[in-house]
2 protein chains.
Amino acid sequence: MLIVNVDYSILSIMDRELLLLGLLRRRDMHGYKLHEFIERDLAICTDLKKPTAYFLLDKMEKQGWISRHDEQDGKRPARRVYRLTDTGEEVFQRLLRQNLSDYHVPIFSTDAGLAFADEVPIAELMRLLEQKRAQIDAELAQMSHVPDHAGLLQLVIEHRRHYLETEARWLESILNRLNASTERGTES
Amino acid sequence: MLIVNVDYSILSIMDRELLLLGLLRRRDMHGYKLHEFIERDLAICTDLKKPTAYFLLDKMEKQGWISRHDEQDGKRPARRVYRLTDTGEEVFQRLLRQNLSDYHVPIFSTDAGLAFADEVPIAELMRLLEQKRAQIDAELAQMSHVPDHAGLLQLVIEHRRHYLETEARWLESILNRLNASTERGTES
DNA sequence: GGGCGCATGTAATGAGTTACATGATTGA
DNA sequence: TCAATCATGTAACTCATTACATGCGCCC
């Protein structure tokens, strides 16, 4: 009856554009390669899908942020290679500064459930939250296997680790409290 | 030329439905009051807009999760009062457990910029990040003024504070490193 | 010759937002 | 009487996603 879906992105279009501009700034690229690179190496930063990449490239070209020249190779579809324009460079600089200086508090989907946590029997609640914690731990474990990345991404990876550790501690503190309350045997 | 927009939600539709069901579970309500309550008291949990609330109520009624009875009061538009059905209760229980046990790593918009931070002169970078930190601090300051909430929300508020403090520390550590590198005078 | 990788897209759908539309009641 | 609040909604738009469509080149 229910459920599938889920999109936990808090990326806005600005950040996607910033990302694309930033990559094109380093070197000219066509959509396929760009998306491949993003999927392979920047999965932590973003979750930009292929049609979205093509769409944004198209749009940015129309806005004059990037220019296009086609490269034919046999009879394949021509590579539409994009290059940052001067306008694009300006936009990049602006978006970058805006991203670096702005802060917006995200709204955590977790919290919707937390607000009703008292509807679940405490033993089951603990079991559920332990499942959640296991997923966080799994993420952390996986991250320790990630080899040193280009300096670029080191900060991003650190941030992610920092965040996950925080969430783990937070969950732990809730579990401890729940545990204490069952041991005192005073809570429902 | 640019910029407006921004939606930093990581709430999926599931969580919105969970929220609405959870509220209707406590007492029957019509859309207007429901939205009012959400906007006033649950702004930390969600950012559900009015038309979205009406839309979801409609949809949930069609799915049989809630039922509707109208209350006329003079010649105003009738209040369409919704009540949780048995099916709705089942769905609520399921969504709640799913929310409590699942975890998905969010993707932070901040990180897109961080990845290109080395494009900004270090002094300016520090200035920008300090602006960001000021916004986090402001959020934290504002939270300390929030009086004790119903037990319900206490955890959510704690989570938010916990998260904001983490982000502040993380930013601080970056700023310290940047500062150290300028003092050594070895970085561009 | 069959399947994977390269390379492009389009179309349909979903979800949510903003802006607009309507009209009664209440209080200054 | 005029503005704010109560109470409902619709319409148009934006953004992103999934699924589909096409076809060449290369390797086993």
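The model shown is predicted, which means the values in this text are computed figures rather than measured ones. So you know, we letter chains A, B, ... as the sequences are listed, proteins then strands, and number each from 1.
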Closest nucleotide among C:dG16, C:dG5, C:dT17 to the B:Arg16 side chain: C:dG16
Could you check how far [atom1] of [X] sits from [atom2] of [N], rounded to whole Å?
X	N	atom1	atom2	result
A:Lys49	D:dC20	NZ	P	17 Å
A:Arg79	C:dG5	CZ	P	17 Å
B:Asp58	D:dT10	CG	P	7 Å
B:Asp73	C:dT25	CG	P	8 Å
A:Phe37	C:dC6	CZ	C1'	18 Å
B:His30	D:dC6	NE2	C1'	8 Å
A:Asp70	C:dG9	CG	C1'	13 Å
A:Glu61	C:dT8	CD	P	13 Å

Any side-chain donor near an acceptor of the partner, A:His162 and B:Glu167, under 3.5 Å: no
Pair A:Glu89-A:Gln93, side-chain donor/acceptor within less than 3.5 Å: yes
A:Pro77 or A:Lys50, whichever maps to the more 5' nucleotide of DNA chain D: A:Lys50
Given DNA chain D, 5'-ward residue of the pair A:Arg76 and A:Phe55, judged by closest heavy atom: A:Phe55
Would you indicate, yes or no, if [N] has its OP1 or OP2 atom less than 4.0 angstrom from a side-chain nitrogen or oxygen of [X]?
X	N	value
B:Tyr54	D:dT8	yes
A:Thr52	D:dT17	yes
B:Arg80	D:dG9	yes

Sugar-phosphate, base or nothing in reach of A:Lys33, heavy atoms under 4.0 Å: sugar-phosphate
Cluster check B:Phe55, B:Leu34: I/L/V/M/F/W/Y, side chain < 4.5 angstrom: yes
Plane angle bin for B:Tyr163 and A:Phe108 - parallel if under 30°, tilted between 30 and 60°, otherwise perpendicular: perpendicular
Whether over 12 other heavy atoms sit under 6.0 Å from B:Asp70 CG: yes
